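Before any comments, here is the structure.
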Amino acid sequence: MDMGNQHPSISRLQEIQREVKSIEPQVVGFSGLSDDKNYKKLERILTKQLFEIDSVDTEGKGDIQQARKRAAQEIERLLKELEQNANHPHRIEIQNIFKEAQALVKEKIVPFYSGGNCVTDEFEEGIQDIILRLTHVKTGGKISLRKARYNTLTKICAVQEIIEDCMRKQPSLPLSEDVHPSVAKINSVMCEVNKARGTLIALLMGVDSTETCRHLSCVLSGLMADLDALDVCGRTEIRNYRREVVEDINKLLKYLDLEEEADNTHAFDLGQNHSILKIEKVLKRMREIKNELLQPQSPPELCLSSKTELQGLIGQLDEVSLEKNPCIREARRRAVIEVQTLITYLDLKEALEKRKLFPCEETSPHKAVWGVLGNLSEIQGEVLSFGGKRTDKNYIRLEELLTKQLLALDAVDPQGEEKCKAARKQAVKLAQNILSYLDMKSDEWEY
């Protein structure tokens, strides 16, 4: 159709579609819940555009009717995606875990900033467990879930950092007010900063509905201005004291920008993170080595050179920056286990080969343990090759085989022989590690 002679109804439909297209990224990336303000806003905009489409006059023309139908279907698709993002089972899982963190903060941290005794080990263990569980929430690469998980982790990790930083500081004021009149003002500001720290934690965790980030930012900026205007009369110790308090304020201000920073920098997309890319590079090389080693006729000299290279890969993983990100920490932990499991496989093969070459007198229980170790070596080779899910028949078969080896070890009577006891203990540990590795490989974790 000639654009100059395009029907007004078609032009109007195209205009609506352009407006809808402009908010599509917000819908796709929506990481909140159905009661969030932004959800209501997006839903209202899309519904309004749907009404606009319904009001377009088709004049009974088939091409206009089809265009209107396609435009309406696109909006309905986005409305459905918005609803699915807000009600996705894993989004609900993230929210439920966050509620546990809120309850923990209410119980242990709010009283602390209201004059309670101290932060307990129970809180630290509880927060650590919550962080670990959040890193294990599956996102399937879905942007909305990645953002939700990242934003939730960021808030909880920020609270953890604030608490740890606070606990490291001396509980008493560092300078006496007799030193200089300015010290009294710095002490006063520091007390206000401590209150602000508690307010910030409550804000981050959503347990304080009376305060806003904007107001707290203004309060902290005002305290900073008070310190800047203070005359320390060239006293180095007072200047250093003031600087420490200023640094505390800057840290708190940084935490206030967390959520906006995450959205603007796409920090939630760990697939592009340089630390993750380093881990992936190590894993790629590890898989290449593994595939060579698991060939039926791999030469013995390959084992020795491979082990050396694998130890080097462990060193590379140790150098990966965690960036205070628990997802990166978990990715590195898993990569280390992957490489270490392959090294253990090579060690066991080497020990079994040496035993064949240099046979020695052994008791029956000791021979039985070595028999189990030979079976474990074969099973471990299969586990290293396994790439399925926990519902797969092969997973169930491997799990049963490993359980049988543990039962066989349990049946071995060392007859008081210390060497046999130690060998059986190591074999049990190996079997349990292979089981844990099989579980880890099949739990569909992703960052």
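Excluded from the calculations below are hydrogen atoms, water molecules and symmetry mates; all remaining heavy atoms, backbone and side chain alike, are included. All values reported here derive from a predicted model rather than from experimental measurement. Sequential numbering from 1 along the given sequence is applied to the chain's residues.
The nearest pair of heavy atoms linking Ala72 to Ile53 is N-CD1, 3.8 Å. Across all non-hydrogen atoms, the minimal contact from Leu406 to Ala431 is CD2-CB, 3.7 Å. Contact record, Lys389 with Ser442: C-CB, 4.2 Å, taken as the closest heavy-atom pair. Here the shortest heavy-atom pairing between Arg390 and Ile396 reads O-CG1, 4.2 Å. Contact detail for Leu153 and Cys327: the closest heavy-atom pair is CD1-SG, 3.5 Å. The two residues Ser321 and Ser275 have their closest heavy-atom pair at O-OG, 2.6 Å.
No donor-acceptor distance shorter than 3.5 angstrom exists from the side chain of Thr47 to the backbone of Arg44, with no hydrogens or angles considered. Remark: the backbone N or O of Ala184 is not paired with any side-chain donor or acceptor of Ser188 at under 3.5 angstrom. Without hydrogens or angle criteria, Ser377 side chain to Leu373 main chain gives no donor-acceptor distance under 3.5 Å. Proximity of a side-chain donor or acceptor of Ser217 to a complementary backbone N or O of Cys213 within less than 3.5 Å is not detected.
Counting only heavy atoms from C-beta outward, the side chains of Leu376 and Leu402 approach each other to under 4.5 Å. Counting heavy atoms from C-beta on, the side chains of Lys307 and Asp347 come closer than 4.5 Å.
Applying the 6.0 Å contact sphere to NZ of Lys142 captures more than 12 heavy atoms from other residues, nucleotides or ligands. The number of heavy atoms from other shown groups lying within 6.0 Å of NZ (Lys138) is above 12.
In this model, a donor atom of one side chain and an acceptor atom of the other lie less than 3.5 Å apart for Tyr255 and Glu161.
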>> Using side chain to side chain donor-acceptor pair (under 3.5 Å), reason through Glu124 and Gln160 one step at a time and then give a plain yes or no.
In response: CA-CA 8 Å; Glu124 292 175 8; Gln160 189 184 38; over 6 Å; no
> Passes side chain to side chain donor-acceptor pair (under 3.5 Å), Glu74 versus Gln17? Steps please.
Replying inline: CA-CA 8 Å; Glu74 179 60 18; Gln17 284 177 303; over 6 Å; no
>> Please determine whether side chain to side chain donor-acceptor pair (under 3.5 Å) holds for the pair Glu83 and Tyr39, giving the CA-CA distance in whole Å, both sets of side-chain angles, and the decisive distance to 0.1 Å.
In response: CA-CA 9 Å; Glu83 183 183 2; Tyr39 180 93; 5.4 Å; no
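A cation-pi contact, defined as under 6.0 Å to the ring centre and within 45° of the axis, is absent between Lys441 and Phe386.
Note: Leu313 CG to Gln340 CD = 11.5 Å, rounded to the nearest 0.5 Å. Atom CD1 in Ile162 sits 11.0 Å away from atom SG in Cys157 (nearest 0.5 Å). One distance of note links CD1 of Ile314 with CG of Leu342; it measures 10.0 Å at 0.5 Å rounding. Distance CD1/Ile45 to NZ/Lys40: 14.0 Å, rounded to 0.5 Å.
The one candidate from Thr341, Ile434, Leu401 that meets the side chain to side chain contact (heavy atoms under 4.5 Å, CB included) condition with Val383 is Ile434. Evaluated for a side chain to side chain donor-acceptor pair (under 3.5 Å) with His136, the options Glu330, Arg149, Glu93 yield exactly one hit, Glu330.
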